[in-house]
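Down below is the structure, laid out as structure tokens.
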Amino acid sequence: QTALVLAMLFMSLTTAVSVPSDQIFQYIEEHQDEYVQRLKDWVAIESDSTDPEKRHLVINMMLLAEERIRKLGGTVEMVDLDMQELPNGNKISLPPVILANIVKDPKKPTVCFYGHMDVQPAKIEDGWSTEPYILTEKNGNLYGRGASDDKGQVLAVLNAIEALQKHELPVNVKILLEGMEEVGSIGLNTLVKQRNSTFFSDVDYIVVTDSAWLSNKPGITYGTRGICYFFIECAKRDLHSGSFGGILHEAMNDLIFLLDTLVDSSGHILIPGIYEAVAPLTEKEKKLYEGIEYDLDQIMAKYGLEEFRNKTKEELLMQRSRYPSLSIHGIEGAFSAPGAKTVIPAKVTGKFSIRLVPNMEPSVVEKQVTDYLNKKFTELNSPNSIKVASDTGSKPWLSDINEPQYLAARKAIKRVFGKEADMIRAGGTIPIATHFQEVTRKSIMLLGIGGPDDASHGQDEKISRYNFIEGTKLYAAFLQELATV
Ligand SMILES: *[C@@H]1O[C@H](CO)[C@@H](O)[C@H](O)[C@H]1NC(C)=O
Ligand SMILES: *[C@@H]1O[C@H](CO)[C@@H](O)[C@H](O)[C@H]1NC(C)=O
Ligand SMILES: [Zn+2]
């Protein structure tokens, strides 16, 4: 009985000291203008990683982030990567990667936040209403390139840490920031492998802060689809249709025939075996889609769409995230300019991709597709040749929503927003999540604070002040909850 009383006393004490969240939330509210000013300073740097001419600005941005982390008392390592080789053969420096470490108490869990400091290109001529690199507040939104993707999200994490430090940072925090995300995270995979047994060895959780909600309701992303990208090359000599049309097998006809054998009119993929590996739907999983806030009419209105193949929210979300899909993207070598040229192209390459879901394996899918196309081509009896090739695929990623950090994030969302979190599986592919998972074998979660309409790669990118500030509270609450799960 004494033990019970002591345990209860201990529990009440620990809850009392470890959750002064009102004070922390209040601190965050009181400092919001300062946070917005910091975001303004960050957005002002045109850290466009796609343009080699702007590489020094990406590097400047990394230095600015380093300075902010040092103010939190962290130790920061600026890791130099190899040079980047440009298509013209020139080599230029890659921006350093930040590996930071705040507080070290081996008894506490360690969470590593990942984010990126580079942005997509933006020019006012592209159709922006305001200067993309001057953070501008209008109607509760903060407009600027990188405001949501990903500077605002990273800054919210750093601001949350700072607010917690006024009392106590309840867990160990590591931070990994890169500057080449928008061009495929060049050099990062190698670095993660190299540091697996050092920087990552004591990391318990990895949180990717580079994602958006499906609605104004906060969400956690626990899965993404993978991808396999295919090329079918059909070849023949270049000829004129007047002299040769109708008397030869044309490469383009072969290709169109093959492309037309891939999916039926309902979107069902016709490649034998492709659905075999797809993880069966469980009742538990089905329930998760019901709770998600997602207004189909609103989405259709926003994108000017007439209808979706799938009529209910649940069916659409499932179709987009837990089943494979096939899309045809283009034909290289085909005549595509305006006008009526009568050439018969000698060689055309059709391009398509398949989004993969658990438990589809890229290598298996590649074989299924290649075998099927070769078989269909044989049926065509064409004297031409085909070559099927594929890019190295990216595997799908799926986490267990009952891992401790997911429980902590769900509790934190409840506390800050008074709502249950939307549990989201993204239809797209986020290779970094798969890569972290495959190399480090740690628990991975995507906890972003972007809004559903932030236009992260488009014109008028923004983050709302609400998402930025409440998101800061969310990260603070998450770190507190993580100490108790
Ligand atoms: C979505 O619609 C397509 C076409 O009607 C159908 O084949 C598919 O099964 C639907 N997906 C789900 C998850 O119901
Ligand atoms: C990375 O380290 C973890 C232990 O922290 C281990 O489980 C995993 O296999 C390692 N990965 C590689 C690629 O060696
Ligand atoms: Zn991003």
Side-chain angles (χ1 to χ4, degrees), residues 47-50 61 110 112-120 122 145-157 174 176-185 188-206 208-212 221 224 263-270 274-275 278-281 285-286 288-290 296 307-326 355 357 425-444 446-450 454-458 461 463:
S47 52
D48 170 1
S49 55
T50 68
M61 188 61 229
T110 301
C112 175
F113 288 98
Y114 160 88
H116 63 92
M117 292 289 95
D118 59 321
V119 295
Q120 286 274 329
R145 175 55 90 222
S148 180
D149 181 18
D150 182 31
K151 293 176 179 179
Q153 304 197 36
V154 171
L155 198 50
V157 170
K174 288 191 168 186
L176 190 174
L177 299 180
E178 65 157 322
M180 293 299 285
E181 195 272 345
E182 301 294 2
V183 282
S185 297
L188 192 68
N189 288 359
T190 312
L191 180 70
V192 172
K193 277 193 203 116
Q194 281 167 353
R195 299 301 177 103
N196 186 47
S197 57
T198 50
F199 182 80
F200 287 102
S201 67
D202 58 356
V203 168
D204 300 292
Y205 310 107
I206 298 176
V208 175
T209 57
D210 184 18
S211 63
T221 302
T224 62
V263 276
D264 71 13
S265 60
S266 72
H268 188 83
I269 304 172
L270 299 171
I274 208 95
Y275 291 98
V278 174
L281 178 68
E285 187 198 326
K286 211 169 153 190
L288 290 173
Y289 298 99
E290 289 166 14
L296 298 195
E307 60 166 16
F308 288 117
R309 276 196 178 123
N310 300 94
K311 305 298 175 211
T312 68
K313 170 190 78 180
E314 289 81 3
E315 276 189 11
L316 181 136
L317 290 172
M318 276 194 266
Q319 188 60 39
R320 194 177 66 182
S321 61
R322 66 144 4 261
Y323 291 111
S325 64
L326 188 152
R355 296 280 175 178
V357 298
R425 280 173 68 168
T429 304
I430 305 176
I432 190 78
T434 319
H435 190 75
F436 277 140
Q437 214 271 321
E438 285 186 341
V439 176
T440 69
R441 302 273 155 209
K442 311 283 179 179
S443 167
I444 318 287
L446 268 59
L447 183 63
I449 57 166
D454 282 359
S456 48
H457 289 183
E461 176 179 348
I463 190 165

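We count ligands from 1, going down the list as the structure has it; atoms in each ligand are counted the same way.
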Please find the pair of heavy atoms, one from Asp150 and one from Gly115, that lie closest to each other, and give the distance.
OD2-CA, 3.2 Å

Roughly how far apart are Ser148 OG and Asp210 CG, rounded to 0.5 Å?
8.5 Å

If you check every N/O/S atom of His116, which is the one nearest the Zn ion (ligand 3)?
NE2

closest protein heavy atom to atom 6 (C) of ligand 1 is Asn310 ND2, 4.2 Å

Which heavy atom of Glu182 sits nearest a heavy atom of Asp118, and at what distance?
N-OD2, 2.8 Å

Note: Ser47 and Lys151 closest approach over all heavy atoms is OG-NZ, 3.0 Å

Is there a donor in the side chain of Asp454 and an acceptor in the side chain of Ser456, or the other way round, less than 3.5 Å apart?
no

Go through the side-chain N and O atoms of Glu178 and Ser185 and say whether any donor and acceptor fall under 3.5 Å apart.
yes

Tell me the protein heavy atom at minimum distance from atom 5 (O) of ligand 1, and give that distance in Å.
Arg309 O, 4.1 Å

Under a 4.0 angstrom heavy-atom cut-off, which atoms of ligand 2 come close to Lys442?
5 (O)

Compute the minimum heavy-atom distance from Ser266 to ligand 1 and say whether it is under 4.0 Å.
yes

Tell me the protein heavy atom at minimum distance from atom 10 (C) of ligand 2, and give that distance in Å.
Asn196 ND2, 2.5 Å

Would one find an N, O or S atom of Asp149, in either backbone or side chain, under 2.8 Å from the Zn ion (ligand 3)?
yes

Look at atom 8 (C) of ligand 1 and find which of His268, Gln319, Glu314 reaches it with the closest heavy atom.
Gln319

Give me the nearest non-hydrogen protein atom to atom 9 (O) of ligand 2 as residue plus atom name, then the distance to 0.1 Å.
Arg441 CG, 4.1 Å

Which atom pair, heavy atoms only, marks the closest approach of Ala147 to Ile463?
O-CG2, 3.5 Å

Within the 3.5 Å criterion, strictly below it, is a donor on Arg309 or Ser266 matched to an acceptor on the partner's side chain?
no

Of all the non-hydrogen atoms in the protein, which one sits nearest to atom 13 (C) of ligand 2, and at what distance?
Val439 O, 3.8 Å

Numbering as shown, the atoms of ligand 2 that approach Thr440 to under 4.0 Å (heavy-atom distance)
3 (C)

Among Ile444, Leu446, Leu188, Thr209, find the residue that satisfies the side chain to side chain contact (heavy atoms under 4.5 Å, CB included) test when tested with Tyr114.
Leu188

Is Tyr323 in polar range of ligand 1, meaning some N or O pair under 3.5 Å apart?
no

So, 2.8 Å as the limit: is an N/O/S atom of Glu181 located closer than that to the Zn ion (ligand 3)?
no

